[in-house]
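Because only heavy atoms are used, hydrogens play no part in the values below, and waters and symmetry mates are left out as well, while side chains stay in.
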Amino acid sequence: MMKNTPYPQGIDTPVTSSAIFMVATIAPGDDNVEKVKAWCADVAGRVRSVGKRVPDGNLSCVCGFSFNAWDSLFGSTRPASLHSFREFGVEGRRAVATPGDILMHIRADRMDLCFELATQLLLPLGAAVVVIDEVHGFRNFDLRSMVGFVDGTENPVGQRAVDATIVGDEDPTFAGGSYVIVQKYLHDMSAWNSLTVEAQERVIGRKKLSDIELDESVKPSNSHSALTVIEKDGKEVKILRDNMPFGRPGSGEFGTYFIGYARSPESLEQMLENMFVGRPAGNYDRLLDFSKAVSGTLFFVPSSDFLEALGQ
Ligand code: HEM
C-alpha cells in the first residue's frame, strides 16, 4: 500500500474459528447519533483491551455503516458508491433488503473473545442502538460451509486481497475503506442431503471431498462457482468472503452467514444478479433452490484513520 494511504480496518484477517455478526439500527434522536459517533472512535481501543488478554486469539472487529445512517453520522460527503442494498431476483428467489445502520463483524479464534467484545462494544451504546440481528458463527470441519463444501478457497490473498477490497484513488476522500454486503441464508438441509454427492458437486461446481474445481467441460453454467466468477474489462474481479455456518439443529435451523468485502458494491451486485436472476436470465444458481436469503444489507467500512479522527 502506498504511503499516506489511510490504514484500512482489519478486513483481511487470518481465518478464525469463531465470529459474531451484529447488525444494529440507531434509535431516533440526535443524542443517540452523537453517542454512536463518539463510540466509533472508541471501537479500536476496546478491541485492544479485550484482545490483549488472549494475545494469540486473533480478535478483530470491522465496523460498517449503511447509506441510511451515513449522513446523520458523518455528514453529506459520502463514499462514492454507497447506496441502499439493491434487491435482485423474483418472488420465491429474492435477495431481500433488510434494515441496518451499523455492522459489527467480530472475529476471533475463541467464541469467548467474540462474546466479550460484543458485550464491551454494546455497553457504552446502551439504548442508542437496537441490535436487530445477531448471529454467532462457527468454523466447520475443514473450513466447510453448512452445505458441506469447503468455503473460501478462491479468496484472493496478500496484496491481491488488498487490491480487491480496499478503495484507492477512485475515491480519495474514502481511500482505505471498503464495501461489504451481508446476507443471512437458511438452508433446506433435508432437500440438499437428498441429492447425491455428484448432484451437489454440479450445484457448487467443485468436488465435495477434495475441493477441486470441476473441469470446465463438465461444470454447469448455473453452478455457484460459475455464476460468481465475473470479469470487468477482460479481467476477473474478486471479492473477499468470510462466510460462517450457524444454526440450531434442535430447531431445524441450518444457516450460512454470507459476508463479502469488495472495493466497489458493483462486483457484489453483479454476483447477486447472476445468482438470483441468472446468467443469462433464468439460468440461476441452483444453490438457491436449497437456500433462502432472509436478510441483506450493504455497508461502507471506513478506514481506521477515519474512525479514529472522530475522537479528536
Ligand atoms: C448460501 C450462501 C453461500 C454459500 C453456502 C456459498 C458457498 C460457496 C462455496 C462452497 C464456494 C466454493 C469454494 C470457494 O471458492 O470459496 C463458493 C465460492 C464462491 N462464492 Fe459463494 N456461497 C454463498 C453465497 C455467495 C454469495 C451471496 C456470493 C456473492 C455475492 C458468493 C460469491 C462466491 C465467489 C466469488 C466464489 C468463488 C468463485 C470462484 O472464483 O471460483 N457466494 N461459495
Side-chain angles (χ1 to χ4, degrees), residues 13 15-25 50 54 57-62 64 85 89 92-123 125 129-152 180-195 197 199-200 203-204 208 224 241-260 272 275-276 285-297 299:
T13 64
V15 166
T16 59
S17 52
S18 304
I20 295 182
F21 304 89
M22 277 196 297
V23 172
T25 51
V50 177
V54 185
N58 286 322
L59 179 68
S60 67
C61 175
V62 173
F85 182 88
R93 190 179 68 244
R94 183 175 289 280
V96 292
T98 50
D101 294 335
I102 307 173
L103 169 72
M104 288 165 252
H105 181 200
I106 300 173
R107 289 178 274 187
D109 279 324
R110 292 169 35 163
M111 187 46 97
D112 57 354
L113 279 171
C114 295
F115 194 93
E116 173 68 4
L117 182 60
T119 308
Q120 293 297 346
L121 287 177
L122 293 176
L123 266 179
L125 289 170
V129 301
V130 179
V131 176
I132 53 168
D133 194 29
E134 174 175 347
V135 170
H136 293 206
F138 63 93
R139 194 67 70 185
N140 204 12
F141 306 99
D142 310 337
L143 310 184
R144 288 177 191 275
S145 58
M146 186 55 85
V147 294
F149 284 72
V150 176
D151 198 358
V180 61
I181 278 181
V182 292
Q183 282 182 301
K184 183 167 154 179
Y185 285 90
L186 297 177
H187 305 291
D188 180 346
M189 288 307 286
S190 44
W192 176 250
N193 287 329
S194 70
L195 297 184
V197 167
Q200 291 181 349
V203 172
I204 299 293
K208 192 170 186 180
H224 181 62
R241 295 162 287 128
D242 199 359
N243 303 348
M244 281 287 204
F246 69 90
R248 287 176 297 167
S251 316
E253 182 191 72
F254 295 91
T256 297
Y257 202 88
F258 167 82
I259 183 158
L272 288 177
M275 287 175 65
F276 284 81
D285 192 330
R286 286 283 328 276
L287 186 53
L288 298 175
D289 287 340
F290 310 91
S291 319
K292 184 179 163 60
V294 295
S295 78
T297 319
F299 301 90

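Atom CD1 of Ile259 sits about 4.0 Å away from atom NE2 of His105, to the nearest 0.5 Å. For the atom pair Ser17 OG and Leu143 CG, the distance stands at 10.5 Å (nearest 0.5 Å). We find the CD-CZ distance between Glu253 and Phe246 to be 5.0 Å, quoted to the nearest 0.5 Å. Once rounded to the nearest 0.5 Å, the distance linking OG of Ser145 with CZ of Arg139 reads 11.0 Å. Asn58 contributes atom CG, which lies 11.0 Å from atom OG of Ser18 (distance to the nearest 0.5 angstrom). Rounding to the nearest 0.5 Å gives a distance of 7.5 Å between CD of Glu134 and CG of Leu122.
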*Go through the steps to decide whether Val54 and Leu59 satisfy the test side chain to side chain contact (heavy atoms under 4.5 Å, CB included), and finish with yes or no.*
CA-CA 8 Å; Val54 185; Leu59 179 68; over 6 Å; no
*Carefully, step by step, assess Phe290 and Val147 under the rule side chain to side chain contact (heavy atoms under 4.5 Å, CB included).*
CA-CA 9 Å; Phe290 310 91; Val147 294; over 6 Å; no
*Intermediate values then yes/no, side chain to side chain contact (heavy atoms under 4.5 Å, CB included), Ile204 and Leu287*: CA-CA 7 Å; Ile204 299 293; Leu287 186 53; 4.1 Å; yes
*asked:* Test side chain to side chain contact (heavy atoms under 4.5 Å, CB included) on Ile102 and Thr25; report intermediate values, then the result.
replied: CA-CA 6 Å; Ile102 307 173; Thr25 51; over 6 Å; no
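When all heavy atoms of Pro245 and Asn140 are compared, the pair lying nearest together is CG-CB, 3.9 Å. The two residues Thr13 and Ser60 make their nearest non-hydrogen contact at CG2-OG, 3.6 Å. Of all the heavy atoms in Gln183 and Ala95, the pair that sits closest is NE2-CB, 3.6 Å. For the residue pair Val294 and Leu186, the shortest heavy atom distance occurs at CG1-CD1, 4.0 Å.
Residue-environment remark: NZ (Lys292) stays at or below the threshold of 12 foreign heavy atoms within 6.0 Å.
For His187 and Phe254, the ring centers are positioned 6.0 Å apart or more.
Residue Val50 forms a side-chain contact (heavy atoms from CB on, under 4.5 Å) with just one option from Thr119, Leu121, Leu113, and that option is Leu113. Residue Ile132 is tested with Thr297, Asp101, Val23, Thr98 for a side-chain contact (heavy atoms from CB on, under 4.5 Å); the sole match is Val23.
Ring pair Tyr257/Phe21 is parallel by interplanar angle, where below 30° counts as parallel and above 60° as perpendicular.
Asp151 is linked by a side-chain hydrogen bond (donor to acceptor under 3.5 Å, both in side chains) to Arg241, Asn243, counting only residues two or more places apart in sequence or in another chain.
Side-chain contact between Phe115 and Ile106 is absent, with no heavy-atom pair separated by less than 4.5 Å. The shortest distance between side-chain heavy atoms of Asp242 and Phe258 does not fall below 4.5 Å. Side-chain contact between Val182 and Phe299 is present, with heavy atoms from C-beta onward closer than 4.5 Å.
Side chain of Arg144 to backbone of Lys208: a donor-acceptor contact under 3.5 angstrom is found. Distance alone, capped at 3.5 Å, places no donor-acceptor pair between the Arg286 side chain and the Val203 backbone. Under the 3.5 Å distance criterion, the side-chain polar atoms of Ser291 are left unmatched by any main-chain donor or acceptor of Leu288.
Residues Ser190 and Asp188 have side chains that bring a donor and an acceptor to within less than 3.5 angstrom of each other.
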